[in-house]
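See structure below.
Quick caveat: nothing in here was measured; it's all calculated off a predicted structure. We use all heavy atoms of the structure for the numbers below, so side chains are in, but hydrogens, waters and symmetry mates are not.
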Amino acid sequence: MLSVALSTLRTRWITFVGSFTALSLGVALLAVMGLVLASSLDAPERGPERFAAAPVVVRGQDTLRVPTPVGDRTHELARPREVPAATVARLERLGTVVRDRSFAVRAQGGPADLVGHPWSTAAFAPYRIEAGRAPRAADEVVVGGDWARPGQLVRTDRGTVRVVGTVADRGFEHAVFYTDAQAARLSPVSVQLVVDADAAAVREAVRGSGARVLTGDARRYADADPDRDVEALTAMNALFGTAGGVTAFVSVFVVASTFAFAVAQRRREFGLLRTAGATPGQIRRLVCAEALLVGVLASAAGCVLGAYGAPVLADRVVEGGAAPSWFAVGDHVWPYHLAFWTGLSVALCGATAASWRAGRTGPAQALREASVDAGAVPRGRLLLGAGLLLTAAVTLGLALAGDPGDLLHRKTYVSRTMLLITAVALLAPVVVRPSARLLTWLPARLPGAGGMLVRESAAAGVRRTAAVAAPVLVTVALAGSLPGATATLNGAKATETRERTAAFVVTAPDDAGFDARTLDRLRAVPGAEVSPTASSAVYVLEEGVALVRSEARAVDPRVPAATARLPLAAGRPTDLDDGSIIVNEDWERHTVGDRVRVWLGDGTRKTLRIAAVMTTGTGDNGVYVTRANAPGAMIDRVDVALADGADTGAVAAGLREAVRSSGGEVSTRDRWVAAASPGTDRTTRLGFLLVLGIALLYTGISLVNTMVMATSDRVRDLAVLRLAGATRWQVLRLVAAEALLVVAVGGLLGLLVAGLHLAGLWGALELLSVRTAVVLPWGVVGATAGACAVLAVAASVVPAALALRRGAAGRAGVRE
C-alpha cells in the first residue's frame with residue numbers, strides 16, 4: 001500500500017498539494033499560538049523600583065484575611081490602613097522614619113500619568129539631581145524626565161509651581177517631587193513608610209499591628225503597581241488562550257474538511273480499485289497511508305513555519321502595547337509536539353472518516369456516484385450534527401433558566417459559537433440544495449442558461465459546495481459573532497449607565513476628592529440637586545468559602561438624587577442607613593430584611609441589613625452603603641439632578657465655576673455615558689484582530705486550495721461545455737458565478753450561526769433586565785464575505801482559464 005500511496009501522490013499532486021498546504025498552515029498556526037502562550041505563562045520576578053535603595057519598608061494593613069473551613073481566604077483591601085501611630089512611635093526610636101505619599105498630578109504640558117511624591121523619598125529609588133536643586137518652598141518642585149526645565153513655571157491642578165530641579169527618568173513612573181510638608185498637605189494619608197533600622201527589630205516593633213515589613217525583593221509590593229507584568233501576562237494568557245482555541249478549532253475544522261473533500265473527489269478511483277479486486281480494508285489502508293505521508297511532511301513543515309512566525313507575532317504584540325517590552329518567545333518544546341501530533345491526528349482522522357464510506361461502497365455504485373452526489377449526508381454525520389445542535393440548544397436553555405449572566409462571559413460565547421459552527425457545518429449538505437435554489441431562484445428564470453447551470457451545478461456537487469462553503473461559514477460566523485457579542489454587551493452596559501445617570505456628573509481629579517468647601521459651592525448652585533458619592537468596596541464570604549469583592553458607592557441617604565435611578569428589584573433606596581446595605585441579585589443572600597456579614601473597604605467587619613436589592617444587569621451593579629461604612633473613602637463623584645424649572649445652561653456654568661479651583665470636571669449625561677461606557681480596549685481589539693485575522697488568512701488560503709482542487713477536478717465538465725458551444729468567456733463567467741454562489745451559501749450559513757448566537761445573548765440580557773438592541777457588525781461581515789468572494793473567484797477562474805488553453809475535445813476525452 002505504501003508504494004501505491006507514493007504513486008498516487010505523484011499522479012494527483014494538485015489534490016495533495018492543497019491538503020499539504022492546509023495542514024502545514026494549520027500546524028504552523030497551532031505552533032505559533034502554543035509558543036506565544038507558553039512564553040506568557042510565567043512572568044519574571046520584578047525587583048523593587050521606587051524603594052530599590054530603601055533599607056526597610058513598612059506598609060499598613062493592605063490585605064483582608066478571612067479564615068474558612070478550607071483555609072484562609074485573602075483579598076487586597078480597597079483602602080489600606082495607615083500604620084498605627086503607636087507603631088510609628090516605636091519605629092522612630094529604632095531609626096529614621098520617612099513617610100511616603102503618592103498622588104496624581106495634572107500638569108499643563110506634562111505627561112498624563114504624573115505622580116507626586118515627597119522629596120525625601122527620592123533617594124530610595126534612587127533619584128539624583130541632574131540639574132538645579134531640591135525643592136525648599138511649597139510652590140517648588142523637582143520633575144523627572146525632560147518635559148520641563150529648571151526655572152519654568154508649570155500650571156497644575158494643585159496650583160502653579162516652579163520647577164527648580166530635574167532628575168533622570170527611571171522608566172517606571174513620571175514623578176514630580178514636592179517638599180515633604182507640601183506633599184503632606186496635598187495627600188494627608190500615608191499608608192507606608194521607610195525605616196532605616198535593622199529588619200528584625202522592625203518586625204518586632206510592628207508585631208500585632210497588622211502592618212507588613214518589606215525587605216529585599218518584597219519591597220516591590222510598596223510600588224504603585226507591583227503586579228502589572230503579571231496582570232499584563234494574565235491578559236495575554238486570556239488573549240492567546242482564546243486565539244489559540246479559535247485557531248485550533250478553525251485549523252482542525254478546515255483541515256478535516258479539506259481532507260474529506262480530497263477523499264470524496266477520488267470515488268471513481270476507489271470504484272476502479274474495487275473493480276480490480278481491492279477490499280474495503282485495502283482502500284482504507286491506502287487512504288491512511290497517503291494521509292500519513294502528507295501528515296508527517298506537512299506537520300514538520302508547519303512546525304518550522306511556526307518557529308519563524310512566533311517571534312514575529314510576539315514583536316507585533318509588544319508594539320501594540322498588549323505585552324511588556326521585555327516579552328519574547330522562549331525555547332519551549334511542548335508546543336511543537338502539540339502542533340505536530342495534532343496535525344497528524346487530524347489528517348489521519350479526517351481521511352479515515354471520509355474514506356469509510358468509500359470503502360463500503362460497491363464498485364458499480366461508486367462509479368455511478370462519481371458525477372452526482374446522491375444521498376450525500378452519511379447517517380453518522382447527520383446524527384452528530386443534530387446532536388451538537390441539540391446540545392447547543394439545551395445548554396442555552398439551561399443557562400437562560402439557571403444563570404443567564406454566564407452567557408455574557410467571553411469564554412462562554414466563544415465556545416458556544418464554535419459549537420454552533422460545527423453543528424451547522426455538519427448539517428451543511430442538508431441545506432446546500434435548498435439554499436442554492438433559493439439564491440438562484442431569480443437568476444435561473446432570466447433568459448439564458450447561465451442561472452440554471454449554476455443552480456444545477458451547486459445542487460449536483462453537494463460535497464464540493466459544502467467543502468468550499470465551510471471556510472466561508474467559519475469566517476463569517478466568527479466575524480459576526482465575536483465583535484457582535486462585544487458590541488451588544490457594550491451597548492447594554494451603556495444603556496445601564498444612561499439609566500443610572502442624572503443630568504450632570506461632576507468628577508474629582510485622579511486619586512483626589514472634593515473638599516468640604518467645594519461641596520458647599522456645588523450645593524449652592526441654583527437649580528442643582530447634588531448627591532456626593534465616594535468609591536469603596538465591600539467583601540462578602542459566599543457559601544462559606546469564597547471571598548468576593550463588590551465595588552461600592554458610599555452615598556448620603558438624605559440626598560437620593562443618585563440612588564433614585566438605581567435598577568431596583570425590591571426595597572426602597574430611602575431605607576438605606578448606617579446599619580444597612582443595598583445589594584444586587586447576584587449576591588448569595590439578597591432578600592430585603594436579611595442580615596449579611598461583610599467586611600468594609602478597610603477590612604472592618606460588620607453585619608448589615610439588606611435595605612434594597614438591585615437587578616444583576618450585566619454585572620456592573622455593585623453595592624451601595626453610607627459614608628459611615630466607607631472609612632477613608634473620598635468624595636470623588638457628585639451626581640447632579642435639575643430642579644423643576646432650572647435652566648440647564650445656567651446650572652452647567654455654575655457647576656463649572658464651583659469646581660474650577662479644585663480641578664473637577666463637569667460632564668453632561670451624554671458625555672458621561674460616552675466616557676464611562678465600556679469600549680473595546682486595546683487588548684481586546686488586538687485579540688479580535690488576531691482571531692479574525694488568523695481565521696480570514698487561514699480561511700482564505702484554504703478556500704483557494706479547495707477551489708483549485710475543485711476546479712482541477714472539473715476540467716472534463718468545462719471541456720464538455722466548450723464542446724456544447726459555450727465560449728471561453730462564457731465558461732469562465734459560469735465558473736465565477738458558481739464560486740460566488742458557494743460563497744453566498746457559506747455566508748448565509750455563517751449569518752445563521754451569528755444570528756443564533758446573538759439571539760441567545762439577547763435573551764440572557766432580557767432575563768437580566770437589560771433592554772438593548774442586538775448589534776450585528778455588518779461592515780465587518782460584509783468585508784469578510786467580500787474578501788472570501790474575491791479569493792474564491794480568483795482561485796476558480798484562474799485554474800479554469802489555464803485548463804481551457806488546451807483543446808476542449810482533448811479535455812473531454814474525445815478525438816477532434
Side-chain angles (χ1 to χ4, degrees), residues 33 231-232 234-247 249-250 317 320-322 392 396 399-400 403-421 473-499 616-621 673-696 699 750-785:
M33 291 296 109
E231 293 170 356
T234 300
M236 285 184 61
N237 289 340
L239 166 66
F240 288 111
T242 301
V246 173
T247 299
F249 170 76
V250 172
V317 171
L396 174 62
L400 292 175
D403 185 12
D406 185 58
L407 296 175
L408 308 186
H409 299 156
R410 181 175 60 182
K411 290 183 178 180
T412 302
Y413 64 69
V414 169
S415 61
R416 286 185 61 248
T417 299
M418 292 190 285
L419 182 62
L420 284 172
I421 289 174
L473 159 65
V474 174
T475 310
V476 172
L478 291 176
S481 296
L482 301 188
T486 301
T488 300
L489 290 176
N490 287 346
K493 292 178 184 293
T495 299
E496 286 184 314
T497 303
R498 178 176 296 278
E499 291 175 350
T616 302
T618 58
D620 289 338
N621 293 337
V673 171
S677 298
T680 304
D681 58 31
R682 182 169 56 185
T683 301
T684 303
R685 184 166 53 251
L686 179 62
F688 281 148
L689 291 176
L690 181 64
V691 171
L692 293 180
I694 288 172
L696 184 58
T699 297
L751 285 176
L752 174 64
V753 170
L756 291 174
H757 167 67
L758 294 177
L761 191 65
W762 177 82
L765 291 171
E766 285 289 319
L767 291 175
L768 293 170
S769 303
V770 182
R771 303 292 185 267
T772 188
V774 173
V775 179
L776 185 64
W778 290 107
V780 178
V781 171
T784 301

Requested in this report: Take Ile421 and Leu478 through the side-chain contact (heavy atoms from CB on, under 4.5 Å) test and state the conclusion after the steps.
Outcome: CA-CA 9 Å; Ile421 289 174; Leu478 291 176; 4.1 Å; yes
**Report entry** Set of residues satisfying side-chain contact (heavy atoms from CB on, under 4.5 Å) with respect to Ala392, sequence neighbours excluded
**Finding:** Leu419, Leu420
Requested in this report: Test Thr772 against Leu489 for side-chain contact (heavy atoms from CB on, under 4.5 Å), laying out the working first.
Outcome: CA-CA 9 Å; Thr772 188; Leu489 290 176; over 6 Å; no
Report summary line: Shortest non-hydrogen pair, Pro777 vs Gly484, comes out as CD-CA, 3.6 Å
Report summary line: In short, Arg498 meets Val673 closest at the heavy-atom pair CA-CG2, 3.7 Å
Query raised in the report: Going through the distances and angles, do Thr486 and Leu482 end up as a side-chain contact (heavy atoms from CB on, under 4.5 Å)?
Result: CA-CA 6 Å; Thr486 301; Leu482 301 188; 5.8 Å; no
**Report entry** Qualifying residues under side-chain contact (heavy atoms from CB on, under 4.5 Å), relative to Leu758, sequence neighbours excluded
**Finding:** Ala485, Thr488, Leu761, Val774, Leu776
Query - Heavy-atom pair of closest approach, residues Ala477 and Ala754 - result: O-CB, 4.3 Å
Query raised in the report: What closest approach, in Å, do Leu400 and Gly760 show between heavy atoms, and which atom pair accounts for it?
Result: CD2-O, 4.0 Å
Report task. Taking the side chain as every heavy atom from C-beta outward, state whether Leu473 and Leu752 have any pair of such atoms under 4.5 Å apart. Result -> no
Report summary line: Heavy-atom nearest pair, Val770 first then Ala492, reads CG1-CB, 3.5 Å
